[in-house]
**Student:** 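I'd like to ask some things about the structure below.
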Amino acid sequence: MDNFQEFISEMDDKIGKIIEKPRRLFFDAENENILEVAEHLFKKMGCRLSTATAQETYKGIEVLYHFSEDKTGSYYCPRIVMKDKSNPKMNSISSVVKGAEWIEREMMEMLGITFDGHPHPEPLLTGNHPKEIKTPWRFNTNVQLRGSNNG
Amino acid sequence: MDKNVIPVGPYHPLLEEAEYFTLKVDGETVVDVDLEIGWMHRGHEFISEGKTFTQSIFLVERICGICSTSHPLAFVHAVEDVDNIEIPLRARYVRTLIGELERIHSHLLWLGLAGHFIGYDTLWMWAWKYREPVLQMFEIISGNRNHYGIMRVGGVAKDVNPEKVKPLHDVLDDIEKKINMIAKAAKDDPVLKSRLKGVGILSKQEAVDYCAVGPTARASGVHIDVRKDEPKDAYDLVEFTEIVTENGDVFDKTVVRLLEIFESIKICRQCLNKLSVSNGSIINKVKEISEGEGIGRYEAPRGEVFHYVRTDGTNRPVRHKVRAPSYVNIPTFKASCKGIPIADALITLAAVDPCYCCTERSLKLVDKNDNSFTLDLLELSREKTEKIRRSI
């Protein structure tokens, strides 16, 4: 069984809107709370970071971390939305979760997010490319957003 | 002595993927490593957003030639997770059977490559020879040796007919005998032990810190296996043991993979027994996927494959995120390679079982008389094994 209710009661003041499904908990978190939420999940509850998903939505640039609680087979997914699309910025969780280093570097290049406090903020994918690559790649495409409610 | 740099990668003409490692060495000892990826950006996540859910199955099947069950299975789990779709019992057994056969052939492939890297070419040829019947099993079941096109949202596309069960059992019996022979030979070989024990150690804490998965984490004492943690398909209906060892070295990673082959054979037999006596539908027709989010994962041979989809009620994902196990396992090399001799770097890297194409590159050496000569890492690794063999 998952420990969602226990987590929600402990972190009640740090999390926002919640979507609960069997073994899945998606919830909003503010940038100033993300480090504390990550620390609680990774260090106190022993969760493992599977990865993070970044996306441009109509509401802003969104980062969704996926923490797996392996002993219960459940996922805790804090969601951070940066409304300023021209300069998206948030706190890095790499100081707490070493396994977040690569995915945060990738999100920097792909979506132009600045992760404050990242220990190695250099490009991961394009760092040694023979040609000069314009990053973030989000600005190199003319693709339009699809979907009526993908935020 | 000044620190020198040895580039490993980025391209190799024989293998399919590209990664770039920079070993920083002090004399014969590796002191640090820089890792670079991004040499082959294929845009799978972006392409998937323009495909229907069924089309995306064929797309993600082609992310990896070895894990061509794991990615589609994790993807259909993610889509099914959006609406909590149930799948028929028979389909659960077929999915599990295919997944475990993939684990057997992948671990045998790795075993062969590991043997080749340390100068055990007989092991390489044995392992690849005995992998061949597994690929033939795939051909019997799906018509293809690779890229089986069998997973669907709501079930599977192809059944395992009862008349196929007996020949498949025969192949499993034969493979088990051969793997037993390899395992016994490896167990009794003092050179192999000297070559692999205590080499490239990844501690339990490091595995947790790097969020490592699969045999890389299990060999370091971390209990993590998606098949046990979140059992989908028939994994809660079959009996098997999660293989976990404590030392975190290359020897333990080898042991974990070898023992997992036996567990996979055990699971395959249970699935085949069930498929031979039961019948019924293999797919629940899914007419639409509603708006929402879903997470799917599967324990691939290298560890957890992760897929996330966000849907908007149409027949395509709005966002599709893919994370392969090598993405979290390769960074552990930064911890496991520190302090090891250059000759052990190759097998330490290979022990992670990365999707790589580039572990063999030219290295310039200078002897005491200032004569320079070149030697590749593969040659260096094999030479070390030969030295141990001669000394025993």
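Quantities reported herein were computed from a predicted structural model and do not represent experimental measurements.
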**Student:** Find the distance between CD (A:Glu62) and CZ (B:Arg310) and round it off to the nearest 0.5 Å.
**Tutor:**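 Going from the CD atom of A:Glu62 to the CZ atom of B:Arg310 covers 4.0 Å.
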
**Student:** Atom CD1 of B:Ile37 and atom CG of A:Leu125: how far apart are they, to the nearest 0.5 Å?
**Tutor:** 5.5 Å

**Student:** If we only count heavy atoms from C-beta on, is the A:Tyr75 to B:Tyr308 side-chain gap below 4.5 Å?
**Tutor:** no

**Student:** Using non-hydrogen atoms and a 4.5 Å limit, figure out which bit of B:Ile224 sits close to chain A: side chain, backbone, both or neither.
**Tutor:** side chain

**Student:** Check the angle between the aromatic planes of B:Tyr327 and A:Trp102 and answer parallel, tilted or perpendicular using the 30° and 60° thresholds.
**Tutor:**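 Correct class here is perpendicular.
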
**Student:** Within the supplied structure, the quantity of interest is the number of heavy atoms (other residues, nucleotides, ligands) at a distance under 6.0 Å from A:Glu122 CD; does it exceed 12?
**Tutor:** yes

**Student:** Could you grab the distance from atom CD of A:Gln55 to atom NE2 of B:His320, nearest 0.5 Å is fine?
**Tutor:**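 So the gap between those two atoms works out to 12.5 Å.
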
**Student:** Checking an interface table here. Which of residues 35-52 of chain A come within a heavy-atom distance under 4.5 Å of chain B?
**Tutor:**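 Under the 4.5 Å heavy-atom cut-off, A:Phe42, A:Arg48, A:Leu49, A:Ser50, A:Thr51, A:Ala52 qualify.
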
**Student:** Using heavy-atom distances under 4.5 Å, tell me whether B:Glu293 contacts chain A through its side chain, its backbone, both, or neither.
**Tutor:** both

**Student:** With a 4.5 angstrom heavy-atom cut-off, which part of B:Asp81 approaches chain A: side chain, backbone, both or neither?
**Tutor:**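 For B:Asp81, the contact with chain A is made by backbone and side chain together.
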
**Student:** With only heavy atoms counted, which part of A:Ala54 is less than 4.5 Å from chain B, the side chain, the backbone, both or neither?
**Tutor:** backbone

**Student:** Mind checking side chain to side chain contact (heavy atoms under 4.5 Å, CB included) for B:Val226 and listing every partner two or more places apart, or none if nothing turns up?
**Tutor:**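 Side chain to side chain contact (heavy atoms under 4.5 Å, CB included) list for B:Val226, sorted by chain: B:Arg297, B:Glu299, B:Glu304.
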
**Student:** If you measure from NE2 on A:His66 to NZ on B:Lys321, what distance do you get to the nearest 0.5 Å?
**Tutor:**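 Atom-to-atom, A:His66:NE2 and B:Lys321:NZ are 8.0 Å apart.
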
**Student:** Answer yes or no: does atom CD of A:Glu32 have more than 12 heavy-atom neighbours from other residues, nucleotides or ligands under 6.0 Å?
**Tutor:**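 Yes, enclosed.
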
**Student:** By side chain to side chain contact (heavy atoms under 4.5 Å, CB included), which residues pair with B:Ile47, not counting sequence neighbours?
**Tutor:** B:Lys51, B:Leu59

**Student:** Residue by residue, which of residues 10-23 of chain A have a heavy atom closer than 4.5 Å to a heavy atom belonging to chain B?
**Tutor:**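 From residues 10-23 of chain A, the residues near chain B are A:Ile19, A:Lys21, A:Pro22, A:Arg23.
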
**Student:** Looking at every heavy atom in both A:Gly99 and B:Cys211, which two are closest together, and how far apart are they?
**Tutor:** CA-SG, 4.0 Å

**Student:** Does any backbone or side-chain atom of A:Thr72 lie under 4.5 Å from a heavy atom of chain B? Answer side chain, backbone, both or neither.
**Tutor:**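 For A:Thr72, backbone heavy atoms alone lie under 4.5 Å from chain B.
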
**Student:** Please rank B:Thr332, B:Val208, B:Asp229, B:Val213 by heavy-atom pairs under 4.5 Å with chain A and give me the top one.
**Tutor:**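 Sorted descending by pairs with chain A, the first entry is B:Asp229.
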
